[in-house]
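Everything below concerns the one structure shown next.
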Amino acid sequence: MKTIFQTLNDLKNEVKETNLKEKILFLEDSFRKLRTKTGLKGLVRKKKLRKILKEVEYEEELQKLQIELIKLQNWAYENKKRVMIIFEGRDAAGKGGAIKRFTEHLNPRKYRVVALPKPTEVETGQFYFQRYFKHLPDPGEIVFFDRSWYNRAIVEPVFGFCTKEQYDKFIKEVPEIEHALIDDGIIMIKFWFSISKETQKKRFEERMKNPLKQWKLSPVDKKAQKLWDKITYYKEEMFSKTHTSYSPWIIVNSNDKKTARLESIRYVLSQIDYDGKEKSKVSLHPDPDIVQRYHRKNLQID
């Protein structure tokens with residue numbers, strides 16, 4: 001008895017009309033996707049066919065991009081490059097999920113994820129950037145910052161964790177400090193993951209219902225919706241004062257988490273000329289409707 005694929009192959013050889021051949025090829029590709037682990041899981045859970053195929057396509061695209069990330073990591077290690085990627089954005093914007101996909105298959109000895117807790121009493125009395133400087137990338141290393149010194153640009157002034165003088169001092173110093181780091185050879189990329197107020201509310205509600213995600217909710221998160229406009233004010237101030245030609249803000253529309261993950265990875269790969277890049281089997285050109293440099297007239301920014 002012939003398999004579905006053998007039958008489709010016979011049909012493909014017999015049919016001469018171009019449009020029918022294209023439909024057979026589509027069916028062949030769809031059946032192939034349904035045979036994957038994700039496809040079979042979706043069928044068991046009785047998900048809609050279109051949704052299953054979309055999930056398989058996402059995972060296949062992600063895997064191809066992660067292969068390129070491994071090439072990038074090897075290039076950075078072999079050439080003693082220092083790479084620093086900052087992830088900022090509102091609460092529930094998908095920063096942590098994106099970092100997880102960036103690092104999923106990387107060599108753990110050659111990268112670090114930095115997510116610093118609330119500063120200690122000693123750290124509070126130090127030069128503000130001091131505790132972050134300890135985590136800058138070493139030669140041959142990639143460091144992912146899940147939030148960064150930009151806490152002082154938004155979170156701290158919004159919630160009263162710093163004085164106006166401390167805030168003004170930070171805003172004045174940060175462009176000069178980033179210029180010095182880049183001038184010293186650090187490759188720096190700054191992401192802002194952008195979501196709508198409605199999307200944030202929906203994600204908070206999902207976290208409250210899911211016992212596996214409730215740990216993500218903090219007292220600060222619970223006030224995020226009420227303080228939306230105040231956060232917007234400080235966010236816009238941050239962009240206008242710290243977006244520079246040498247260290248631009250890259251805005252990622254993350255209302256769709258999976259698309260945001262793919263396109264942010266694609267952006268990083270597009271910015272660095274690592275070995276083997278020309279042999280990539282996936283597009284390294286990020287979608288300009290999802291990822292773009294900050295611009296004052298950019299209407300998609302939350």
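In what follows, every heavy atom counts, from backbone to side chain, and hydrogens, waters and symmetry copies are set aside.
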Check ion pair E61-R266 (N to O, under 4.0 angstrom)
yes

CD on Q66 to CD on Q73, rounded to 0.5 Å:
12.0 Å

So F193 and S264, side chain to side chain contact (heavy atoms under 4.5 Å, CB included) or not? Walk me through it.
CA-CA 9 Å; F193 275 58; S264 57; 4.0 Å; yes

Tell me every residue that passes side chain to side chain donor-acceptor pair (under 3.5 Å) with D168, counting only those two or more places apart in sequence or in another chain.
K164

Hey, does the side chain of K230 reach the backbone of V158 with a donor-acceptor pair shorter than 3.5 angstrom?
yes

Run the side chain to side chain donor-acceptor pair (under 3.5 Å) test against R147 and tell me which residues pass, sequence neighbours left out.
D91

Taking atom CD of Q166 as the centre, report whether more than 12 heavy atoms of other residues, nucleotides or ligands fall under 6.0 Å from it.
yes

Can you find a heavy atom in the side chain of F161 that is under 4.5 Å from one in the side chain of N151?
no

Does the side chain of F87 come within less than 4.5 Å of V252's, by heavy atoms?
no

Give a yes or no on whether a salt bridge exists between E68 and K71, defined as a side-chain N under 4.0 angstrom from a carboxylate O.
yes

On a heavy-atom basis, which atom in M84 and which in L136 lie closest, and how many Å separate them?
SD-CD2, 3.8 Å

Can you list the residues that meet the side-chain contact (heavy atoms from CB on, under 4.5 Å) rule with K100, with sequence neighbours excluded?
none

Do other residues, nucleotides or ligands put more than 12 heavy atoms under 6.0 Å from the NZ atom of K223?
no

May I have the step-by-step check of side chain to side chain contact (heavy atoms under 4.5 Å, CB included) for Y111 and Y77, ending in yes or no?
CA-CA 10 Å; Y111 82 84; Y77 182 76; over 6 Å; no

Provide the closest heavy-atom pair for L69 versus R101 in the form atom of the first, atom of the second, distance.
CD1-O, 4.5 Å

Side-chain heavy-atom pair S254, I195 within 4.5 angstrom cut-off:
yes

The criterion is salt bridge (charged side-chain N to carboxylate O under 4.0 Å, His left out); which residues satisfy it with R203, sequence neighbours excluded?
none

Minimum side-chain heavy-atom gap R90-T232 below 4.5 Å:
yes

Enter the distance from I85:CD1 to I250:CD1 here, rounded to the nearest 0.5 Å.
11.5 Å

I need the N79 CG to N74 CG distance, nearest 0.5 Å.
10.5 Å

With a cut-off of 6.0 Å (strictly less than), are more than 12 heavy atoms of other residues, nucleotides or ligands near CZ of F159?
yes

Under a 3.5 Å distance rule, please check whether E88 uses its side chain to pair with a backbone N or O of S148 as donor and acceptor.
yes

If you take all heavy atoms of N255 and T199, which pair is closest and at what distance?
OD1-OG1, 2.9 Å

On a heavy-atom basis, which atom in A98 and which in R261 lie closest, and how many Å separate them?
CA-CG, 3.9 Å

For the residue pair F144 and L106, establish whether any side-chain heavy-atom pair is separated by less than 4.5 Å.
yes

Taking only residues at least two apart or on different chains, which pairs with a member in residues 256-277 satisfy ring-ring contact (aromatic ring centres under 6.0 Å, His included)?
F191-Y267

With sequence neighbours excluded, residues passing side chain to side chain donor-acceptor pair (under 3.5 Å) with Y132
none

Could you measure the distance from the CZ atom of R293 to the CH2 atom of W249? Nearest 0.5 Å is fine.
13.0 Å

Quick one, W228 with Q200, criterion side chain to side chain contact (heavy atoms under 4.5 Å, CB included). Give me CA distance, side-chain angles, the key distance, then yes/no.
CA-CA 10 Å; W228 182 272; Q200 186 189 61; 3.4 Å; yes

For E173, which residues count as a salt bridge (charged side-chain N to carboxylate O under 4.0 Å, His left out) partner, sequence neighbours excluded?
K169

For residues Y234 and Y167, establish whether the separation of their ring centroids is below 6.0 Å.
yes

Under the side-chain contact (heavy atoms from CB on, under 4.5 Å) test, which residues partner H135, sequence neighbours left out?
R112, V114, L116, F145

How long is the span from the CD1 atom in I67 to the CG atom in L269, to the nearest 0.5 Å?
11.5 Å

What residues form a salt bridge (charged side-chain N to carboxylate O under 4.0 Å, His left out) with K241, not counting sequence neighbours?
E237

Taking atom OH of Y58 as the centre, report whether more than 12 heavy atoms of other residues, nucleotides or ligands fall under 6.0 Å from it.
yes

Under the salt bridge (charged side-chain N to carboxylate O under 4.0 Å, His left out) test, which residues partner K279, sequence neighbours left out?
none

Can you find a pair of side-chain heavy atoms, one from V291 and one from I251, that are under 4.5 Å apart?
no

Sub-4.5 Å side-chain heavy-atom contact between I231 and I154
yes

Distance-only criterion, 3.5 Å: show the donor-acceptor pairs between side-chain atoms of residues 180-190 and protein atoms not counting sequence neighbours.
{"residue": "D184", "atom": "OD2", "partner": "R82", "partner atom": "NH1", "Å": "3.1"}
{"residue": "D184", "atom": "OD2", "partner": "R82", "partner atom": "NH2", "Å": "3.2"}
{"residue": "K190", "atom": "NZ", "partner": "Y150", "partner atom": "OH", "Å": "3.0"}
{"residue": "K190", "atom": "NZ", "partner": "E178", "partner atom": "OE1", "Å": "2.9"}
{"residue": "K190", "atom": "NZ", "partner": "T242", "partner atom": "O", "Å": "3.0"}
{"residue": "K190", "atom": "NZ", "partner": "S247", "partner atom": "O", "Å": "3.1"}
{"residue": "K190", "atom": "NZ", "partner": "S247", "partner atom": "OG", "Å": "3.2"}

Is there side-chain contact between W192 and Y294, with heavy atoms separated by less than 4.5 Å?
no

Tell me every residue that passes side-chain contact (heavy atoms from CB on, under 4.5 Å) with E123, counting only those two or more places apart in sequence or in another chain.
P119, T120, Q126, R131, K134

Let me check something: do L284 and V268 share a hydrophobic cluster, defined by ILVMFWY side-chain heavy atoms less than 4.5 Å apart, either directly or through other members?
yes

CD-CG distance between Q292 and D287, expressed to the nearest 0.5 angstrom:
9.5 Å

